[in-house]
Amino acid sequence: MEIERILLTQEELQARVKELGAVLSAEYAEKTPVFVGVLRGAVHFFTDLMLHFPHPCQYDFIGAASYGDGTQSSGQVMLTKDVMTDLQGRHVVVVEDILDTGLTLRFVTDWLKGKNPASLKLCVLLDKPARRRADISADYIGFTIPNEFVVGYGLDYQELYRNLPYIGILKP
Ligand code: 5GP
């Protein structure tokens, strides 16, 4: 498989992530939030975003898997790793790579709400609203993208391409 074209360049990603960091800073500067990254796709977005949040905060990670090896969601979501932090009464921001059908984030946010946080918001780098199946929307969105299967900047196809510094579309 090869990259057919670049959808978002490294420069576009970095500029938007910086803007999102500023938005989160305005909202959470005094709240010592817990940022919960969803493994593994959010890894680059999470770490870059955090470098633009210069206020007290904590990190944690949750693992969820729904895709298997293909490009279609199986609809089945599995928790592969739970958070370690006690979220009771905390301000939680879930950081994820992409909101597609929404089934993964519906499951993850419901799971985390069960831990009684003071607030829970959702920050996604990419939103693909065309394929939504679950009733969920993000509070903070980097880019709304068309219905294409994208890779890079953490997003994989069969576990490859996560290390691309840009987001691209694969040749069919
Ligand atoms: P959802 O449950 O919203 O359908 O999808 C969630 C997960 O599916 C994402 O965390 C991501 O891992 C994967 N996914 C959805 N759309 C894409 C895509 O366009 N490219 C890649 N590489 N993964 C995707």
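Numbering of ligands and ligand atoms starts at 1, following listing order. Values reported hereafter were calculated over all heavy atoms of this structure, with side chains retained and with hydrogens, waters and symmetry mates removed.
Annotation for ligand 1: atoms under 4.0 Å from non-hydrogen atoms of E96 are 10 (O). Listed by atom number, the atoms of ligand 1 under 4.0 Å from D156 heavy atoms are 21 (C), 22 (N). Which parts of ligand 1 touch T101 is read off a 4.0 Å heavy-atom cut-off, strictly below it: atoms 1 (P), 2 (O), 3 (O), 4 (O).
Contact between V150 and ligand 1 is present, with at least one heavy atom of the residue lying under 4.0 Å from the ligand. Contact between Y157 and ligand 1 is absent, with no heavy atom of the residue lying under 4.0 Å from the ligand. By the 4.0 Å heavy-atom criterion, G102 is counted among the residues contacting ligand 1. At a 4.0 Å cut-off, at least one heavy atom of K128 sits close enough to ligand 1 to count as contact.
Considering only non-hydrogen atoms, atom 9 (C) of ligand 1 lies nearest to I98 out of V108, V77, L155, I98. Nearest residue to atom 16 (N) of ligand 1 from D100, I167, I145, V38 is D100 (criterion: closest heavy atom).
Side-chain contact between V93 and V36 is absent, with no heavy-atom pair separated by less than 4.5 Å. In this structure the side chain of M50 reaches within 4.5 angstrom of the side chain of Y59, judged on heavy atoms.
A salt bridge links E159 to R40: at least one charged side-chain nitrogen sits closer than 4.0 Å to a carboxylate oxygen. By the 4.0 Å N-to-carboxylate-O rule, E148 lies close enough to R5 to be salt-bridged with it. The pair D48-R16 fails the salt-bridge criterion, with no side-chain N (NZ, NE, NH1 or NH2) lying under 4.0 Å from an Asp/Glu carboxylate O. Salt-bridge formation is detected for the pair K115/D82: a Lys NZ or Arg NE/NH1/NH2 atom is positioned less than 4.0 Å from an Asp or Glu carboxylate oxygen.
Contact annotation for D97 and ligand 1: only side-chain heavy atoms (C-beta onward) come within less than 4.0 Å of the ligand. Heavy atoms of E148 found under 4.0 angstrom from ligand 1 belong exclusively to the backbone.
Atom CG in L105 sits 15.5 Å away from atom CH2 in W111 (nearest 0.5 Å).
For the side-chain contact (heavy atoms from CB on, under 4.5 Å) test with I169, the passing option among V151, I6, L7, I3 is L7; the others fail.
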